[in-house]
Amino acid sequence: MKLVVPYIGELQAEDARLVRLATFLGICCDPLPLEGSEVHCADFWEKVNPDRLSCLLVNPSVFKKCLGESDLPESLIAVLRSHFAYLIVHAVSTDPFDVNMVSKLSQGQLQAIGQIERASQSYEIAQDAKDICGAFSGLHFGPVNLANDLVFARGYADSALRPLISIGKHLFMAASRQERTEILFLGAKEVAELDDQVGDAPLTEYFSRLVPHVMALRHIFGEECWRPNADRATVIIDDPLLRQNYGFINFDSMVRLAREYNFHATVAFIPHNFRRSSPRVLKMFRDNPDHLSLCFHGNDHTGAELASSDFIRLNTMLDAAERRMGIFRNRTGLDCRRIMVFPQGNFSVEAMLVLKCRNFEAAVNTVSYPTDEPVRITIGELMQPAVLRYGSFPLFLRRRMDNTQSHDIAFSLLSGRPVLIVTHHDDFQRPQLIGELATRVNGVAPGIKWSNLASAVRNSTLTRRTPDGTLHVRAFSCAVQIDNDSNRAKRFSVEWPRSYNEPIAIDGVLVDQKPYRNFHANEHGITVAADLASGRSQVFSLEYRNPYKSLATLGFGWNAKAYLRRRLSEVRDNYLSRNRYLSVVARKAQRFASTLTHRNLSKKQNVLL
Ligand SMILES: [Zn+2]
């Protein structure tokens with residue numbers, strides 16, 4: 001199926017943006033030049049779409065340009081309604097031509113196009129619209145976008161009209177089924193540009209220019225376009241030692257909470273603490289793999305340790321972190337998954353490269369940009385599971401508890417991003433809030449799977465089926481899990497969108513940790529083809545060579561200061577966090593220790609270089 005996009009002279013700006021969005025979603029677009037008179041002719045449309053399977057993009061201003069000032073003939077409306085399986089009507093205005101076109105195409109179900117009355121109004125997504133609106137179905141949120149949003153007034157009541165998104169008593173998005181054609185009406189004046197830099201802006205700033213269009217395209221093109229493979233979620237708890245009590249965390253209570261509210265908590269573990277865990281808490285992790293797991297959280301968790309731009313220091317640090325967690329695994333039988341959660345949210349592009357060539361699977365952070373390079377990520381980057389701009393190593397984004405509204409959860413799932421929620425020990429002062437958030441996530445996506453962080457990112461892929469039946473998987477994490485849940489063998493093509501010119505060359509691909517030769521690397525990325533028998537599951541991972549040197553140790557000075565800093569942090573979390581005055585004193589002491597660490601390291605670097 002194709003998206004047919006009529007134009008006169010050149011594509012209208014909003015149509016060109018919709019074409020870019022559709023292409024991004026893997027949809028084949030077919031621009032259709034119009035000259036004028038032929039639009040009336042049924043034979044012309046028959047030739048354009050002989051099998052009557054395609055979708056026509058209807059921008060009323062293109063047809064107005066085509067017809068001049070003449071009226072919109074009924075014959076044209078009849079041809080459009082009968083020659084396409086789907087129509088998307090978008091980029092509307094309050095111009096009488098647009099109103100007339102919408103009214104005629106909807107057979108009077110929609111009568112007028114108007115401005116929004118109040119900025120305080122919100123979007124109300126229909127409860128019974130999961131098939132089109134996905135996880136947004138049933139949600140209310142706002143404010144609306146006064147500059148962009150127009151609404152349709154309902155005409156006569158008809159069961160063929162499906163309200164999808166309402167604003168007040170009017171419709172912002174609706175679907176109308178007429179004989180063999182389904183028409184989707186969108187009230188947005190504009191379509192979002194994928195390169196728009198939105199950074200951390202609230203979703204409501206761009207929702208109406210993007211999400212209804214994605215919903216309409218995915219509804220129409222189904223498995224032919226890129227869509228999320230699975231809904232995943234993880235709560236990440238930063239910093240705690242694995243002891244019965246850490247700050248406000250009590251591990252017994254936490255496991256009970258995770259079981260009661262059905263969520264999974266991954267502890268972002270500081271490798272510095274590798275010998276300091278309580279046997280009882282370690283047993284709790286071994287006994288509850290569905291609710292508790294571990295991932296990396298820096299090495300010593302000193303101030304901005306992974307924001308360094310020094311490849312040798314970063315490589316030495318990560319070498320130490322991996323060695324520590326290797327000893328931890330041998331002593332405890334617990335695996336620390338190769339996902340890096342950056343301490344204090346600080347990281348550098350160099351750290352992303354070193355993580356990549358040490359074959360970490362992904363990084364996770366609350367902030368979407370490196371510490372010394374504040375940039376605003378784009379809509380296109382938010383519309384996929386992970387950000388790849390930093391050395392082509394995947395950065396999965398997480399959100400704070402107080403910044404995770406239902407519509408944020410729904411948008412993550414629409415984009416294929418796992419729902420990752422950051423917590424600290426002090427959030428456990430009111431553990432019921434964590435339970436309520438898990439309930440909110442489960443309410444928005446009843447089928448969501450809570451899992452450890454590695455499993456969440458490994459399964460956060462996009463999939464698309466081509467006419468030959470091959471399931472294409474777009475992978476973001478350096479390791480992905482592919483499952484064949486069907487009852488017959490299936491062909492998969494797994495592709496990692498990686499730049500050909502990226503600084504670290506791929507060394508090979510592993511399947512279930514064994515070398516796999518059937519892969520191709522070109523300017524578009526790395527592709528692996530595989531046939532999986534029914535019920536089989538395999539993990540495909542990228543292997544990189546590590547070109548960076550490392551030192552035997554970061555030095556006595558660094559280690560001593562790291563030791564001091566960790567102990568001060570623990571005193572703060574365990575004893576002082578309930579006392580505001582003492583807490584301020586502790587933070588100052590910790591900053592002082594951090595300054596000493598940096599000074600000491602700078603001297604050491606000068607000697608080394
Ligand atoms: Zn931390």
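Both ligands and their constituent atoms are indexed starting at 1 by order of listing. Nothing here was measured: the structure is a model prediction, and the numbers come from that model.
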**Q.** Side-chain heavy-atom pair Asn315, Lys549 within 4.5 angstrom cut-off
**A.**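 A side-chain contact under 4.5 Å is absent here.
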Q. Is there side-chain contact between Leu382 and Leu397, with at least one heavy-atom pair below 4.5 Å?
A. yes
**Q.** Closer than 2.8 Å to the Zn ion (ligand 1) - protein N, O or S atoms, ordered by chain and residue number
**A.** Asp239 OD1, His297 NE2, His301 NE2
Q: Classify the ring geometry between Phe296 and Phe360 as parallel (under 30°), tilted (30 to 60°) or perpendicular (over 60°).
A: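 Rings of Phe296 and Phe360: perpendicular, over 60°.
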Q: Decide whether a cation-pi geometry holds between Lys356 and Tyr544; the criteria are a distance under 6.0 Å from NZ or CZ to the six-membered ring centre and an angle within 45° of the ring axis.
A: yes
Q: Establish, yes or no, whether the cationic atom of Arg474 lies under 6.0 Å from the six-membered ring centre of Trp226 and within 45° of the ring axis.
A: yes
(Q) Is it true that, when you exclude Gln432 itself, more than 12 heavy atoms of the residues, nucleotides or ligands shown sit nearer than 6.0 Å to its CD? (A) yes
